[in-house]
Each structure stands twice: as structure tokens, then as C-alpha cells.
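Have a look at the structure below before the remarks.
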Amino acid sequence: MRSALIWGAGFFAALMLLDWGLVRITVMRSAGWAVLAVVLSIVLTPPRLSARAGGLEARGLISRRRIRTDRLVAVDVSDGITQRLVLSDTSGGRLELDPRVLITNPLLWHHLERGAQRALERGTLRCGGPALERLGRRIDAEVCREISRASGLE
């Protein structure tokens with residue numbers, strides 16, 4: 001969110017400086033640049049991820065996606081330019097998120113892990129167990145590093 005606002009403010013400042021340098025600055029042009037900067041900030045704002053009873057929800061600019069963690073069917077880690085965790089549930093819900101969100105918020109990870117454990121017990125989670133285990137080890141290692149760093153034990 002912070003970087004989206006910084007990019008929007010920087011875009012606005014650059015456009016205002018350009019207009020000022022060309023001596024074309026007017027109130028209407030400034031308002032237009034401000035609107036463009038706000039639109040850029042809105043587009044760059046990442047979806048908000050929240051935990052609900054038995055599920056996760058991602059609210060973006062236009063869409064809202066929900067999955068039931070206790071009814072997971074598949075968990076996949078897509079490799080590409082940015083790594084994404086793809087979660088699918090029995091009702092057809094699909095949620096893609098950046099694993100770094102779970103690393104920076106261990107409570108969300110705990111909620112997902114607990115729901116996935118229930119899905120394993122019920123037999124609905126058919127693929128993705130190893131991917132979740134790898135992600136869990138990565139998150140645990142990062143949390144341990146942060147605790148060591150905060151306590152000065154590096």
C-alpha cells in the first residue's frame with residue numbers, strides 16, 4: 001500500500017514539474033494530473049487478505065475472492081517472475097497470493113495451515129501437501145530469523 005501511494009505521489013510530482021517546466025500549469029491540468037495519480041495508486045494497491053472462520057478472503061479493487069481452507073482441494077506454488085500460491089477449494093473458489101504475505105503475517109499462515117490440516121483429515125486435499133510443507137518450513141525459518149534479529153542473537 002505504501003509503495004502504491006509513493007508511486008502515485010511521485011507520478012503526480014513528475015507531471016507537475018513537467019508542466020511547470022513547460023509553463024503550462026493550470027488548475028484544470030493540475031486536477032487532471034491529480035486524478036491520474038489517484039488512479040495509478042488505486043491500480044497499484046495490492047488486494048487485502050483477511051482470515052475468516054474457516055477461510056481466507058482477498059479483497060481487491062474490483063473483485064472479492066474467498067476460499068474455505070478446511071475444504072481445500074489443491075495447493076500449487078506457481079514459479080515464474082513472482083512466486084504465487086494458488087489455493088482451490090471444493091466449491092470452485094480459487095485464490096492466488098504472494099507467499100511473502102504469509103511470511104510477513106504468521107497468523108494468516110497459521111490459519112491456512114490449520115484449515116489445510118482439516119482438509120487433509122477429511123480427505124479433500126488431494127494435491128499440494130508437499131508444497132505446503134515447504135512453505136511452512138520457509139515461513140518458520142523466516143520467523144526464527146526475525147526473532148533472532150529482534151533479540152540481537154544474530
What is the distance from atom [atom1] of [X] to atom [atom2] of [Y], rounded to the nearest 0.5 Å?
X: Leu112; Y: Asp70; atom1: CG; atom2: CG; value: 11.0 Å
X: Trp33; Y: Thr26; atom1: CH2; atom2: OG1; value: 9.5 Å
X: Arg118; Y: Glu113; atom1: CZ; atom2: CD; value: 11.5 Å
X: Thr45; Y: Leu5; atom1: OG1; atom2: CG; value: 6.0 Å

Nearest heavy-atom neighbours spanning [X] and [Y]:
X: Ile67; Y: Arg94; result: CG2-N, 3.8 Å
X: Ser41; Y: Ala4; result: OG-O, 3.3 Å
X: Pro99; Y: Gln83; result: CD-O, 3.2 Å

Review point. Leu102, Val143: one ILVMFWY side-chain cluster at the under-4.5 Å cut-off?
Key: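 Both belong to a single hydrophobic cluster.
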Point to revise | In one Ile/Leu/Val/Met/Phe/Trp/Tyr side-chain cluster, 4.5 Å: Leu85, Leu120 | key: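 Same cluster: Leu85 reaches Leu120 through Ile, Leu, Val, Met, Phe, Trp or Tyr contacts under 4.5 Å.
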Point to revise | Short side-chain to backbone donor-acceptor contact, Asp98 and Arg100, under 3.5 Å | key: yes
**Study point:** Side-chain (Thr69) to main-chain (Ala116) donor-acceptor, under 3.5 angstrom
**Key:**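 Flag not set: sc Thr69 to bb Ala116 has no pair under 3.5 Å.
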Heavy-atom check, side chain of [X] versus side chain of [Y], under 4.5 Å:
X: Thr90; Y: Arg68; answer: no
X: Phe12; Y: Leu40; answer: no
X: Leu49; Y: Asn105; answer: no

**Study point:** Residues forming a salt bridge (Lys or Arg N to Asp or Glu O under 4.0 Å) with Asp19, sequence neighbours excluded
**Key:**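 Asp19: salt bridge (Lys or Arg N to Asp or Glu O under 4.0 Å) contacts with Arg29.
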Point to revise | Residues which pass salt bridge (Lys or Arg N to Asp or Glu O under 4.0 Å) with Arg114, listed by chain and number, not counting sequence neighbours | key: none
List the atom pairs, donor and acceptor, that lie under 3.5 Å between side-chain atoms in residues 123-134 and the rest of the protein, sequence neighbours left out.
from: Thr124; atom 1: OG1; to: Leu72; atom 2: O; distance (Å): 3.0
from: Thr124; atom 1: OG1; to: Ala119; atom 2: O; distance (Å): 3.4

Point to revise | Given Leu87, Leu56, Leu95, the one that forms side chain to side chain contact (heavy atoms under 4.5 Å, CB included) with Arg65 | key: Leu95
Practice item. Check which hydrophobic residues are tied to Leu18 through side-chain heavy-atom contacts below 4.5 Å, counting indirect links as well, and list them. Key: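 Listed partners: Leu22.
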Review point. Applying salt bridge (charged side-chain N to carboxylate O under 4.0 Å, His left out), which residue pairs with at least one partner in residues 32-55 are found, sequence neighbours left out?
Key: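 Residue pairs with at least one partner in residues 32-55: Arg52-Glu57.
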Review point. Charged N to carboxylate O under 4.0 angstrom, Arg145 versus Glu142?
Key: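 Salt bridge between Arg145 and Glu142, a charged N being under 4.0 Å from a carboxylate O: yes.
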Check your understanding: Which residues satisfy the side chain to side chain donor-acceptor pair (under 3.5 Å) test with Ser91, sequence neighbours excluded?
Key ->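 With sequence neighbours excluded, Ser91 shows a side chain to side chain donor-acceptor pair (under 3.5 Å) to Asp89, given in chain and number order.
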